[in-house]
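Structure record follows, encoded as structure tokens.
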Amino acid sequence: MLHRNKYGKFLLNKKEIFIFVGFMKTHFRKNIDSWRRDYNREYFWISTQDPYYIWLRETMLQQTRVNQAAAYFNSFIKSYPTVHDLAAADEDDIMKLWQGLGYYSRARNLHTTAKHIVEEFNGIFPQDYDSLLALKGIGDYTASAIMSFSFGKPYVTMDGNVIRLFARYFGINGDVSRKAVKDEILRLANEMMHSFDPSVFNQAIMDFGAEICKWRSPECGNCPLNEKCIAFNKGIVDQLPVKKKKALKRKRYFNFLVIRSNDKFVIEKRSDNDIWKGLFQFPLIESNKVLAYEEIKSKLTEELKLKETDIKVNEEHQEYKQVLSHQMIYARYWTIESYKDYKSRNCISVDKLTLSLYAYPKVIDCYLKDNILI
DNA sequence: AATTCGGGGGT
DNA sequence: ACCCCAGAATT
């Protein structure tokens with residue numbers, strides 16, 4: 001059935017491909033079904049089809065491991081048991097509860113969409129894909145998750161696990177960051193789902209990707225799909241899926257000014273379209289290199305308009321490094337004794353005892369825990 | 001299509 | 001070091 005073309009690749013005519021893929025589909029469906037029947041993954045969240053819970057859970061799981069999101073999910077449903085509670089919440093409180101989970105636009109979009117559902121839809125989630133997709137923070141994956149897990153409709157949740165599983169099983173060697181390649185995988189997955197319970201199928205393929213068809217050291221030896229898995233039979237499992245290399249990280253130097261007078265501290269909310277939008281920090285001077293003591297002192301008068309007679313700057317050598325997906329943050333801290341209340345930029349003055357009520361990025365939270373709140 | 005949004009964890 | 005993670009929004 002298989003013969004080679006002049007490039008050495010296997011070539012099939014249309015009819016042969018149809019039959020070949022048909023065999024693979026039957027094999028996949030049969031074996032993924034028997035696998036998931038024996039499989040029992042422990043989940044930390046309650047078993048439910050409530051779209052509010054599904055939406056919240058799937059939003060937290062975007063680019064986030066199950067184990068990392070679980071505790072956050074539980075604290076959210078405790079503080080905000082319904083979409084009405086979330087809609088009525090103070091955004092700073094939501095951010096505080098989200099602190100540490102990352103991708104903070106998710107938390108802001110969560111609030112926006114909760115308010116939208118309460119005000120426009122009387123608290124009822126829309127039950128069609130396009131209406132869900134139109135909501136802030138809901139993309140293809142999350143819309144499909146709500147459609148299948150809450151409403152039992154046949155939409156494939158094509159996450160990283162599913163892309164990896166299908167790229168390997170069908171030996172797809174196109175760059176999976178390209179839309180055409182993802183569309184092809186989605187088409188195959190949709191055919192596979194046919195006549196399955198959509199929620200069972202989605203759960204099965206995502207669990208399978210996470211537990212068996214793992215990125216590194218996948219369990220091909222025990223894999224119930226290995227008989228027809230193209231990547232396995234060609235010995236190229238570790239080469240799939242194909243993805244473009246990541247860009248280099250930008251380096252940024254953050255000089256935080258810990259301004260205190262008596263037991264008051266100055267913090268400000270990040271509002272630019274930049275990392276950590278909506279979180280609080282100490283007043284910041286950013287630079288493209290490490291700044292020396294004298295340079296900091298001159299910037300204080302320039303950028304923060306602090307008078308030298310009103311302050312006393314203490315040298316601080318501690319540095320925290322924070323690695324993000326696209327940036328390296330080198331954070332330094334300068335303690336400043338201020339003899340007057342500092343009021344400038346969008347700063348607020350906060351008592352030491354209430355500092356912990358605000359949401360901070362990790363570099364600030366760690367500094368507070370190590371040096372202030374001890 | 002490419003880039004940018006965190007932070008934790010595996011290899 | 002490097003890459004991934006139950007992705008989405010923006011440019």
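The structure presented is a predicted model; accordingly, all values stated were derived computationally and were not measured. Each chain gets a letter, A, B and so on, in the order the sequences are listed, and its residues count up from 1.
- Note: CG (Leu240(A)) to P (dC4(C)) measures 13 Å, nearest angstrom.
- Across all strands, Thr142(A) comes closer than 4.0 Å only to sugar-phosphate atoms, never to a base (heavy-atom distances).
- Ring geometry for Phe282(A) versus Phe265(A): interplanar angle of 30 to 60°, hence tilted.
- dT4(B) is paired with dA8(C) under the criterion used here, namely a Watson-Crick or G-U wobble arrangement in which both key atom distances are under 3.5 Å.
- Lys228(A) is listed as a side-chain neighbour of Phe23(A), based on a closest heavy-atom distance under 4.5 Å.
- For Asp38(A) (side chain) and Trp35(A) (main-chain N/O), no donor-acceptor pair under 3.5 Å exists by modelled atom type.
- For Lys136(A), taking side-chain heavy atoms from C-beta onward, the closest of the listed nucleotides dA9(C), dA6(C), dC5(C) is dA9(C).
- Judged purely by atom type and a 3.5 angstrom limit, Asp272(A) has no side-chain atom pairing as donor or acceptor with the backbone of Asp274(A).
- Between the C1' atom of dA1(C) and the CE atom of Met328(A) lies a distance of 11 Å, rounded to the nearest Å.
- Using modelled atom types and a 3.5 Å distance limit, the side chains of Asn31(A) and Ser34(A) yield no donor-acceptor pair.
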Under the side chain to side chain contact (heavy atoms under 4.5 Å, CB included) criterion, do Arg37(A) and Asp33(A) qualify, and how do the steps go? CA-CA 6 Å; Arg37(A) 283 173 194 278; Asp33(A) 189 44; 3.2 Å; yes
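- For the P atoms, the distance linking dA8(C) with dG8(B) amounts to 22 Å, nearest Å.
- In terms of position on DNA chain C, the residue among Gly160(A) and Lys246(A) whose nearest nucleotide sits closer to the 5' end is Lys246(A).
- Note on Asn202(A): nothing from the nucleic acid sits closer than 4.0 angstrom, heavy atoms only.
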Which parts of nucleotides 3-11 of chain B does protein reach within less than 4.0 Å, heavy atoms only, written one letter per nucleotide 5' to 3' as B for base, S for sugar-phosphate only and - for none? -BBBBB--S
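- Going from atom CH2 of Trp55(A) over to atom P of dA6(C) covers 21 Å, rounded to whole Å.
- The C1' atoms of dA1(C) and dC5(B) are separated by 22 Å, rounded to the nearest whole Å.
- Atom CG of Leu135(A) and atom C1' of dA9(C) are 14 Å apart (whole Å).
- Expressed to the nearest 0.5 Å, how far OG1 of Thr113(A) lies from CZ of Phe125(A) amounts to 8.0 Å.
- Taking the ring centroids of Tyr367(A) and Phe256(A), they lie at or beyond the 6.0 Å cut-off.
- Taking atom P in both dA6(C) and dA1(B), the straight-line distance is 25 Å, to the nearest Å.
- Within the 4.0 angstrom heavy-atom criterion, no nucleotide atom of any strand lies near Arg178(A).
- Of all the residues in residues 364-374 of chain A, not one reaches under 4.0 Å from DNA chain B with any non-hydrogen atom.
- Note: CE (Met206(A)) to C1' (dG7(C)) measures 12 Å, nearest angstrom.
- Judged by distance alone, the side chain of Arg36(A) and the main-chain N or O of Val200(A) form no donor-acceptor pair under 3.5 Å.
- Not one N or O on the side chain of Arg57(A) forms a donor-acceptor pair closer than 3.5 Å with the backbone of Phe73(A).
- Heavy atoms of Lys245(A) sit under 4.0 angstrom from primed sugar atoms or phosphate atoms, though from no base atom.
- Between Asp207(A) atom CG and dC5(C) atom C1' the separation is 14 Å, expressed in whole Å.
- When heavy atoms are screened at a 4.0 angstrom cut-off, Ile205(A) is found touching no nucleic acid atom at all.
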